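I have placed the structure first, in the form of structure tokens, so that the comments after it can refer back to it.
Source: prediction; values computed, not measured.
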Amino acid sequence: MTLAITIIHILVCVLLIVIVLLQTGKGADIGAAFGGGSSQTVFGSAGPGGFLTKITTAVAVVFMITSIGLAYFSSHRPGSSIMKEQPRKTAPAPPPAPVEKGTPIAPAQPAPAAPAAK
């Protein structure tokens, strides 16, 4: 689902760029005074203003919907991990009992002697 919305989003982005570049700017009216007005007869006598404005609005709405959809899907992604199971944390070994001052330490017992071989 995310892949389909991403592809639609990219196509809408490119289409929106092309449509905006096709529109005439505010200073284009001065070009009509010097003979540039005849090139806009493809879109009718009113010019491309109304037609391209409606298409721009529709494409911008689709762009915003796909943007919201992609944001929603990226924030509600199921938690997945490459680790199947986390290792269990073990409690650290308890520290040895403190030796009080004046307490005698018992000497180590010698290991029993091995019998002599004959």
Side-chain angles (χ1 to χ4, degrees):
M1 183 72 168
T2 305
L3 180 64
I5 293 177
T6 304
I7 291 172
I8 292 170
H9 186 73
I10 291 172
L11 291 175
V12 167
C13 287
V14 171
L15 187 62
L16 189 61
I17 291 170
V18 169
I19 291 172
V20 168
L21 290 177
L22 283 176
Q23 293 183 12
T24 56
K26 291 185 178 183
D29 293 335
I30 193 72
F34 299 107
S38 63
S39 65
Q40 295 184 5
T41 58
V42 173
F43 296 103
S45 61
F51 177 70
L52 287 179
T53 303
K54 290 178 184 177
I55 291 179
T56 304
T57 303
V59 172
V61 167
V62 173
F63 175 78
M64 290 180 194
I65 290 171
T66 56
S67 296
I68 291 170
L70 287 172
Y72 175 80
F73 285 124
S74 70
S75 67
H76 288 81
R77 190 175 297 176
S80 63
S81 175
I82 57 171
M83 295 178 60
K84 297 294 181 194
E85 192 175 309
Q86 292 184 353
R88 295 183 183 181
K89 294 183 179 179
T90 58
V99 177
E100 293 182 20
K101 222 176 198 185
T103 306
I105 299 176
Q109 299 292 329
K118 292 186 183 180

Checklist line | Separation between CG of Leu70 and OG of Ser75, rounded to the nearest 0.5 Å | finding: 11.0 Å
Note to self: If hydrophobic clusters are built by linking Ile, Leu, Val, Met, Phe, Trp and Tyr wherever their side-chain heavy atoms come under 4.5 Å apart, do Ile7 and Val18 end up in the same one?
What the structure shows: no
Note to self: As a test of understanding, state which of Leu15, Leu22, Ile19 forms a side chain to side chain contact (heavy atoms under 4.5 Å, CB included) with Thr56.
What the structure shows: Ile19
Margin query: Quick check: closest heavy atoms across Val12 and Val62, and the distance to 0.1 Å?
Written below: CG2-CG1, 3.6 Å
Note to self: Is it the case that over 12 heavy atoms from other parts of the model lie below 6.0 angstrom from the CZ atom of Phe73?
What the structure shows: yes
Note to self: If hydrophobic clusters are built by linking Ile, Leu, Val, Met, Phe, Trp and Tyr wherever their side-chain heavy atoms come under 4.5 Å apart, do Ile10 and Met64 end up in the same one?
What the structure shows: no
Item checked: Same cluster (ILVMFWY, side-chain, under 4.5 Å), Met1 and Ile65 -> no
Next item on the list: Look at the side-chain heavy atoms of Ile, Leu, Val, Met, Phe, Trp and Tyr, link any pair under 4.5 Å apart, and say whether Leu16 and Phe51 land in one connected group.
Entry: yes
Check: Where is the tightest heavy-atom contact between Thr66 and Ile5, given as atom of each residue plus distance?
Finding: O-CG2, 3.9 Å
